[in-house]
S.K.: 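If you scroll down you'll find the structure; I have some questions about it.
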Amino acid sequence: MKLWLVSPMTSITGSFQHLQKTFSKQLQHTSPGPGAEALKMSPTTLSELPIELLTKVFMNLELNDILRARTVCKSMHSASRVLRVWRSFALRSIGTTLPQPFFFPKPLQECSSSDIESSIRRWEADWALKSPLETVLRPVVMEGQSVMEGQLGTAGTAKFWSFRMVPGGQFAIAGMMDGSVWAYDLSDDPASSSAVRAKLLVPTPFPSQDRMQLHLAMDYVSDEALGDTRGIYCLSQFNLAVIALPRAPPNGLRIANISVWRICISRPGNAGTSGRHEINLGGRLASFMVMADAGFFGLSLYGKAIAYGLFFPLGSRCTVIAQWQDANGKKEHDEFLCWYIPDTLPMASHLLPGDRIILAEHTTVTMYNWRLHCPTSTLPLSEHQLRQLERVPLRNVHTLVASASDISISSPFLMRGTTRLVVLTREALHSLTIPVDGDNSQAGAIQESQLLLRASDFCPSGRFAAPWYFELVELGFCRAVGIHGGKDLSAIYAVQYRVEDDHVPETAPYQPTYERHPHTFDRRPSHILYDQFTNRVVLTDIKLSHFITLSSHASHAVDDDEVLVEGREDDMIEGTFPSAAN
């Protein structure tokens, strides 16, 4: 779908006929008296309007109209590049036609018109991997190492457990099996082939242990996480939750440390920066201990709430929600208030606005209002105490997806007073729309569940991957990327989709796309990450010793020197595979 581009062969007359209807309505509001006269304007007099008046008109146009008008004449092209036009469009669009949060590479007040236009068009652009795949190997240089040591493959010897991409695509965060958290600087240049530098972000809470479970969750949506930076529309800080669970000591219970940290991203020009974006630890917000003769699953963080799933040795399981500020400083035997959802074991969970939580288990996706409907206790949780908790009444459990297999779920976005998520199963891709301020009971909780595409439309088997294949997938607001394959052959696939009311109406209905690129991996990747603001993808194996960049196309170029703006710009999609032996 070429949503934003206007062909150089487009008839200027045809463009003007479309624009004249739109401009006539806008001129009635922007010109003090000659609204009626503007309705009768010819193309000649319209093109001679003062740039100040054209700018006011453009400030009220939709994106497609701005880009069509750009091709009519030089004066309209000039008006379409005015900074006020793009700031106005961005502020009108975020939360309505663009999701919230929406992050620009710089604070909105510091962005040029090209910065804003490029970010918006990149979000909506058609994109695809280059075929055949083009790769660039990038070694990892750990803090304290030389570039030469990184090129020799000596970096990344510590295995990691959890991996997350920071919105904006420059930084990735890995939770290592020794309990520490590291940040990887991928560069703000998508074409970079230099070494990837890694530095320690959060030290391990258990220095004497060298192997443990470690889970990460980020909150870059809530007011609690963004604070005063929400209004700049550039990610400058976010909150990070970390669960570290060491191996059980001899004749003792396992004790987990749960912590919440403020992570800051400094921009070039800030005091103390090196002339490039940097990621740093801002401080610890909370830390508490819990008894955990169990495994952890489905960590989630939103605002002041934290949620995680627990699985006990005898088979009991539950989801726990706590307020991390209230739990701060508590030891494993201390009491603090928690909410529980018994008999659930989420592979993924998302805390949402309105005290809701989404749980994605193996075959179902369910939603609860945890504050209203879930049982509470202040006692430290044990399997015996869990069995005493009341179950959540079925009338308060909203099943969103049922009888599916191998469910994946996207991070939430806010748009038009609703929370949006995308759910992928083996058979289909769905979107969910949940009102932020709606009825907290089951009735009316889901505004819309929409089928985005079926596997049978793209895959002869009717499934996105055969059951015996390994598969990794990352879901975004309007795109998904993944890897699936077997022992001898694998493939990278890219999917693009739109919720029905989120794309600009065109002459033909929007059609989703599914592209599959066969690729043989020297070593099976263990994680895949995707940043939908820059269209970067990161593939990793378990040791993080090298990154591999895959080139892609994205039609979102903005050329200051051309009147008809239609180029294609090479984006970069990034992945990592270590070449060093185990």
Side-chain angles (χ1 to χ4, degrees), residues 86 90 101-123 125 127 135-141 143 147 150 163-174 182-199 201 218 220 226 229 232-238 240 263-282 474 476 479 481 529-540 544 546-554 556-560 567 569-576:
W86 289 102
F102 191 91
F103 298 120
F104 294 96
K106 295 181 285 190
L108 185 59
Q109 292 300 315
E110 299 177 14
C111 285
S112 66
S113 61
S114 293
D115 292 332
I116 302 171
E117 181 181 348
S118 293
S119 295
I120 293 171
R121 290 173 66 179
R122 181 181 294 114
W123 178 268
W127 68 291
T135 65
V136 177
L137 185 69
R138 301 178 62 188
V140 170
V141 179
E143 192 171 40
V147 175
F163 201 39
R164 295 289 183 269
M165 176 77 87
V166 178
Q170 181 174 345
F171 301 104
I173 297 176
W182 287 69
Y184 293 77
D185 186 347
L186 306 175
S187 170
D188 56 1
D189 177 9
S192 175
S193 60
S194 62
V196 175
R197 295 191 174 273
K199 71 175 184 178
L201 193 62
M218 295 189 299
Y220 50 84
L226 296 179
T229 70
I232 69 174
Y233 303 103
C234 173
L235 187 62
S236 297
Q237 65 180 47
F238 62 93
L240 176 71
I263 308 299
C264 300
I265 300 176
S266 59
R267 303 185 305 276
N270 287 8
T273 61
S274 60
R276 54 180 295 153
H277 287 83
E278 295 181 356
I279 188 168
N280 296 292
L281 187 63
E474 272 285 287
R479 301 184 185 93
V481 292
L529 299 182
Y530 168 59
D531 176 60
Q532 51 204 332
F533 296 98
T534 57
N535 295 332
R536 275 184 166 177
V537 177
V538 173
L539 311 175
T540 74
L544 275 173
H546 289 80
F547 281 75
I548 290 181
T549 298
L550 306 179
S551 296
S552 72
H553 292 296
H556 61 264
V558 179
D559 191 335
D560 290 330
E569 176 179 308
D570 281 352
D571 249 352
M572 307 307 290
I573 292 184
E574 298 195 349
T576 85

S.K.: With F103 as reference, evaluate C234, P167, S236 under the side chain to side chain contact (heavy atoms under 4.5 Å, CB included) test and give the passing residue.
M.R.: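 Going through C234, P167, S236 one by one, the side chain to side chain contact (heavy atoms under 4.5 Å, CB included) with F103 is satisfied by P167 alone.
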S.K.: Which pair of heavy atoms, one from A174 and one from Y184, lies closest together, and at what distance?
M.R.: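 Distance-wise, the nearest heavy atoms are CB-CE1, 3.8 Å.
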S.K.: side-chain contact (heavy atoms from CB on, under 4.5 Å) with A183: which residues, sequence neighbours excluded?
M.R.: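 Here the qualifying residues are L201, I279.
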S.K.: If you look at every heavy atom in R164 and M218, which pair is closest and at what distance?
M.R.: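 So the two residues come closest at CB-CE, 4.0 Å.
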S.K.: Measuring from atom CE of M165 to atom CD of E474, what distance do you get when rounded to the nearest 0.5 angstrom?
M.R.: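 Interatomic distance, M165 CE to E474 CD, rounded to 0.5 Å: 8.5 Å.
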S.K.: Given side chains that start at C-beta, do those of K199 and D185 come closer than 4.5 Å, heavy atoms only?
M.R.: no
S.K.: Can you tell me how far apart CH2 (W86) and OG (S112) are? Round to the nearest 0.5 Å.
M.R.: 11.5 Å
S.K.: Rounded to the nearest 0.5 Å, how far apart are CD1 of I120 and CZ of F102?
M.R.: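 The CZ atom of F102 is 6.0 Å from CD1 of I120, to the nearest 0.5 Å.
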S.K.: When you look at S192 and S194, which way does the side-chain hydrogen bond (donor to acceptor under 3.5 Å, both in side chains) test go after all the steps?
M.R.: CA-CA 6 Å; S192 175; S194 62; 2.9 Å; yes
S.K.: Locate the shortest heavy-atom distance separating R536 from D188; write the atom from each residue and the value.
M.R.: NH2-C, 4.3 Å
S.K.: Decide yes or no for F163 and L529: does some side-chain heavy atom of the first lie under 4.5 Å from some side-chain heavy atom of the second?
M.R.: yes
S.K.: Looking at L186, is its backbone amide N or carbonyl O close enough to the side chain of R138 to form a donor-acceptor pair, meaning the two atoms are under 3.5 Å apart?
M.R.: yes
S.K.: Please report the closest heavy-atom contact between L108 and I116, naming both atoms and the distance.
M.R.: CD1-CD1, 3.6 Å
S.K.: Do L226 and L235 come close enough that some side-chain heavy atom pair is under 4.5 Å?
M.R.: yes
S.K.: Specify whether W123 and F533 have parallel, tilted or perpendicular ring planes, treating 30° as the upper limit for parallel and 60° as the lower limit for perpendicular.
M.R.: tilted
S.K.: For residues Y530 and N535, determine if any side-chain heavy atom of one lies less than 4.5 Å from a side-chain heavy atom of the other.
M.R.: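 Of all side-chain heavy-atom pairs linking N535 with Y530, at least one is under 4.5 Å.
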S.K.: Kindly say whether V141 contributes a backbone atom to a donor-acceptor pair with the side chain of R197 at under 3.5 angstrom?
M.R.: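 Such a contact is absent between R197 side chain and V141 backbone.
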S.K.: Any non-hydrogen side-chain atom of F104 less than 4.5 Å from a side-chain atom of E110?
M.R.: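 No - every pair of side-chain heavy atoms lies 4.5 Å or more apart.
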S.K.: Taking all atoms of both residues into account, what is the closest heavy-atom pair of G282 and C264, and its distance?
M.R.: CA-SG, 3.9 Å
S.K.: Give me the atom names and distance for the closest heavy-atom approach of N280 to S266.
M.R.: ND2-OG, 3.9 Å
S.K.: Could you state the interatomic distance from CD (E117) to SG (C111), rounded to the nearest 0.5 Å?
M.R.: 12.5 Å
S.K.: Report the distance from atom CD of Q109 to atom CD1 of I232, rounding to the nearest 0.5 Å.
M.R.: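 The CD atom of Q109 sits 10.5 Å away from the CD1 atom of I232.
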